[in-house]
Amino acid sequence: MVADDVSGPTSSDGARVVTRFAPSPTGYLHLGGARTALFNWLFARHHGGTFLLRIEDTDRARSTQPAIDAILDGMRWLGLDWDGDAIFQFARADRHAAVAHAMVASGHAYRCYMTQDEIAAQRAAAQAAKQPLRLRSPWRDADPATAPADQPFVLRLKAPRDGATAIDDLVQGIVTVQNAELDDMVLLRSDGTPTYMLAVVVDDHDMGVTHVIRGDDHLNNAFRQLPIYRAMNAVEGGWPDPIYAHIPLIHGTDGAKMSKRHGAVGVEAYRDELGILPEAFGNYLLRLGWGHGDDEIISRAQATEWFDLAAVGKSPSRFDLKKLEHLNGHYIREADDDRLAALVAAIGGYGSDSIPLLRRAMPSLKARAANLNELATNAAFLFATRPLAIDPAAADLLAGEAPSILAGVHAALDAVHHWDTEALETAVRQVAEDRGVKLGQVAQPLRAALTGRKTSPGIFDVLVVLGREESLGRINDQMAA
RNA sequence: GGCCCCUUCGUCUAAGGGUUAGGACGCGGCCCUUUCACGGCUGAAAUACGGGUUCGAAUCCCGUAGGGGUCACCA
């Protein structure tokens, strides 16, 4: 895999930019993860840099192949292409261990033989004192010669205890933490496997990552990871601090953290269950925590040009489905009819034979849908078989005078030679005029007869799309003898 | 609880010492109209609270309250 010779395009100011998205495959690609990926992608593309993908699968018990597939699938759906092959962290365990051992050899880490009981005792004491646990291992400064022979041990970082560490975060600004707040975290577990804290740093370094853009739930981790960079930089050089950007999390509608109970579903649910278009989803995610003046509708290309981490806000934002759907409606209206026809055919289960008809109906159909499911539902009348099932809400429209009016419409339309909107509208308006009623009193029964529903695309569009024979047949089914 | 971060309409955000505090979603009204949407116009709606600095504070400082994050041999 990549060593420290990653070569990438350079931005105009000469500074190479390499970002990465590093999800752990223990679940789907959720909203927050998707936005983190988007921001990393935009930042890299904006600077003409490199965007890498790393799967953090070191938790063998919880990592699954379906989760990996879901993440990759979600990113492709959102158009977040990564450079090169995805890196799998678990495969690099030997390299991580080697770094940990190098740190021991150079005195930046040490073998800790503390037992679970000893750790539990410190934890209990900390709780009693109402203080956070800051583990103090007696092995930090112990003579290695006094080490027990057959006892398991972990490798711990010898973290600085004096002074403070400050990071200049691109989003959070300068954040300072006292080193006394940190403890010596585990680098290598007693079974020899690396911890996340070690693996992240080693991989980011080896992949040449220059900018670490991630959720601000990792902000505290930056202070634990920096000592590893600095230790290794002291050992062999070439381990500069990365530039950090910790972006705020996305909360549920209730302001609480996204949870499985509160909308924390995978991006594929937005696609499959809510009928969201990827461009709408991306646009929505972009505007969560970031803004560019009064602009709301922002294309990916425009976003790439405008995106700037400094403009990302520091406070968490709430998810708003209504706004997502508004954007979705916009992108549906803008979408290509062939694409939508194929999508709707699949969602509605109409089959590939239905695509030509869907394609023809799409211009009037797509103007009135906020998501693809709605679009599929609204298209159902196209494939209904005679006699149509009438929606209860539309039944009233076919009562009273309606059958008589429809008989008049049938006669008028039957006489139309050129079956186009103009001729049809003229004919229907004439029926209304002859009967001395408003157009609506003719159009509404006609709509119910043709679609079985109370609402539909413009009635003349419906007539054209359905065609002469089918239209007259459906009218005939509902008219007075 | 310790530490870190945050706070402008209900929500997403703009304005970074001087604005009638702007836009978008949602909500109400009007217009368009064959229905529903779309679109157009329009209305209600915010600087968390308290001090301070200043001629002047949403904007700078301090405090309070509220919210979030984090404190593992998970990632």
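Naming: A, B, ... by sequence-line order, numbering from 1 per chain.
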query: For B:C6, does OP1 or OP2 lie under 4.0 Å from any side-chain N or O of A:Lys314?
result: yes
query: The side chain of A:Gln172 lies closest to which of these nucleotides: B:C5, B:A75, B:C25?
result: B:C5
message: Quick check for you: among B:C6, B:C25, B:G69, whose closest atom lies nearest to any side-chain atom of A:Asn220?
response: B:G69
task: Just call it for A:Met197: base, sugar-phosphate, or nothing, with non-hydrogen atoms closer than 4.0 Å on any strand.
output: base
message: Any base atoms under 4.0 Å from A:His218, or only sugar-phosphate, or nothing? Heavy atoms, all strands.
response: base
query: Any idea which of B:U34, B:C12, B:A75 is nearest the A:Thr58 side chain?
result: B:A75
message: Base of B:C73, side chain of A:Thr195 - is there a donor-acceptor contact under 3.5 Å?
response: no
- request: Answer yes or no on whether A:Arg156 is positioned over the face of A:Tyr110, meaning its NZ or CZ is under 6.0 Å from the six-membered ring centre and within 45° of the axis.
  value: no
message: Students often get this wrong, so: under 4.0 angstrom with heavy atoms, is A:Phe460 touching a base, only sugar-phosphate, or nothing?
response: base
field: Value in whole Å for how far the P atom of B:A24 lies from CZ of A:Arg287
entry: 11 Å
field: Parallel, tilted or perpendicular: rings of A:His246 and A:Tyr244 (30°, 60°)
entry: parallel
query: Within this structure, what is the CD-to-P distance between A:Glu325 and B:C27, rounded to whole angstrom?
result: 12 Å
message: Please classify the nucleic acid contact of A:Ile459 as base, sugar-phosphate, or nothing, using heavy-atom distances under 4.0 Å.
response: base
- request: May I ask you to verify if any side-chain N or O of A:Arg429 is less than 4.0 angstrom from the OP1 or OP2 atom of B:U34?
  value: yes
task: State which of B:C36, B:C73, B:G69 makes the closest approach to the side chain of A:Arg368.
output: B:C36
Separation of atom CH2 in A:Trp290 from atom P in B:A14, rounded to whole Å: 10 Å
message: Let me confirm one number: the CG-CG distance from A:Asn371 to A:Leu277, rounded to the nearest 0.5 Å.
response: 10.0 Å
- request: Tell me what A:Gly458 touches on the nucleic acid: a base, only sugar-phosphate, or nothing, going by heavy atoms under 4.0 Å.
  value: base
statement: When both distances are under 3.5 Å in a Watson-Crick or G-U wobble arrangement, the nucleotide paired with B:C49 is B:G63
task: Tell me whether the centres of the aromatic rings in A:Phe21 and A:Trp82 are closer together than 6.0 Å.
output: no
- prompt: Using the C1' atom in both, what is the distance from B:G23 to B:C55, to the nearest Å?
  reply: 32 Å
field: Pair assignment for B:G2, Watson-Crick or G-U wobble, requiring both distances under 3.5 Å
entry: B:U70
field: NZ/NE/NH1/NH2 to OD/OE distance under 4.0 Å, A:Arg359 and A:Asp337
entry: yes
field: Nearest-0.5 Å distance that lies between atom CD in A:Glu325 and atom CG in A:Asp320
entry: 10.0 Å
Separation between the P atoms of B:G18 and B:U59, rounded to whole Å: 11 Å
message: Ignoring hydrogens and geometry beyond distance, is the side chain of A:Glu296 in donor-acceptor contact with the base of B:G23 at under 3.5 Å?
response: yes
query: Nearest to the side chain of A:Glu56, which nucleotide is it out of B:A75, B:U34, B:A24?
result: B:A75
- prompt: Which nucleotide, B:C73, B:C5, B:C36, lies nearest any side-chain atom of A:Thr455?
  reply: B:C36
- request: For A:Pro152, report the nucleic acid contact type (base, sugar-phosphate, nothing); a contact means any heavy atom under 4.0 Å.
  value: nothing
- line: Quick note, A:Leu288 side chain, CB onward, closest among B:A75, B:C12, B:C25 is B:C12
field: Span that lies between the P atom of B:A37 and that of B:C30, in whole angstrom
entry: 14 Å
message: Return whichever of A:Ile119 or A:Ala367 has its heavy-atom-nearest nucleotide of RNA chain B closer to the 5' end.
response: A:Ala367
- prompt: Between B:C5, B:U35, B:A75, which nucleotide gets closest to the side-chain atoms of A:Arg447?
  reply: B:U35
- prompt: Looking at the rings of A:Tyr284 and A:Phe319, which for Trp means the six-membered one, are their centres under 6.0 Å apart?
  reply: yes
task: Between B:C6 and B:C41, how far apart are the C1' atoms? Round to whole Å, please.
output: 38 Å
Atom C1', compared across B:G50 and B:G68: separation rounded to whole Å: 23 Å
- request: Pick the P atom in B:C49 and in B:A58, then give their distance to the nearest Å.
  value: 11 Å
- prompt: On a whole-Å scale, what distance lies between the P atoms belonging to B:A48 and B:U8?
  reply: 6 Å
task: Please state whether the phosphate of B:U13, meaning OP1 or OP2, lies under 4.0 angstrom from any side-chain nitrogen or oxygen of A:Ser317.
output: yes
query: Can you tell which of B:C12, B:G39, B:C73 lies closest to the side chain of A:Arg333?
result: B:G39
- request: Remember a base hit wins even if backbone is also touched, and classify A:Gln116 as base, sugar-phosphate or nothing at under 4.0 Å, heavy atoms.
  value: base
task: Give the rounded distance in Å between these two atoms: CZ of A:Arg318 and C1' of B:G69.
output: 16 Å
field: Protein-nucleotide distance (A:Asp294, atom CG; B:C12, atom P), rounded to Å
entry: 17 Å
query: Would A:Tyr196 and A:His218 count as a close aromatic pair, with their ring centres under 6.0 Å?
result: yes
query: In the strands shown, is B:G10 matched to any nucleotide by a Watson-Crick or G-U wobble pair with both distances under 3.5 Å, and which?
result: B:C25
field: Result of checking A:Asp59, A:Asp203, A:Asp57 against A:Gln89 for side-chain hydrogen bond (donor to acceptor under 3.5 Å, both in side chains)
entry: A:Asp203
- prompt: What is the distance, rounded to the nearest whole Å, between atom CG of A:Asp295 and atom P of B:A14?
  reply: 12 Å
statement: Using Watson-Crick geometry (N1-N3 plus N6-O4 or O6-N4) or G-U wobble (N1-O2, O6-N3), each under 3.5 Å, B:A15 is paired with none
- prompt: Quick one: A:Ile247 CD1 to B:U13 P, roughly how many Å, whole number?
  reply: 12 Å
- request: Using the P atom as the reference point in each nucleotide, state the distance between B:G10 and B:A72 in Å, no decimals.
  value: 38 Å
task: Would you mind reading off the distance between A:Asp216 atom CG and B:A75 atom P, rounded to a whole angstrom?
output: 20 Å
message: Under 4.0 Å, counting only non-hydrogen atoms across every strand here, what does A:Val186 touch: a base, just sugar-phosphate, or nothing?
response: sugar-phosphate
- prompt: Taking for each residue the nucleotide of RNA chain B with the nearest heavy atom, is it A:Thr176 or A:Thr115 whose nucleotide lies nearer the 5' end?
  reply: A:Thr176
- prompt: Looking at the side chain of A:Leu249, which of B:G69, B:U34, B:C73 is the nearest nucleotide?
  reply: B:G69
query: Which part of the nucleic acid does A:Asn221 contact within heavy-atom distance under 4.0 Å: base, sugar-phosphate only, or nothing?
result: base
- request: May I ask which nucleotide in the shown strands pairs with B:C32, Watson-Crick or G-U wobble, both distances under 3.5 Å?
  value: none
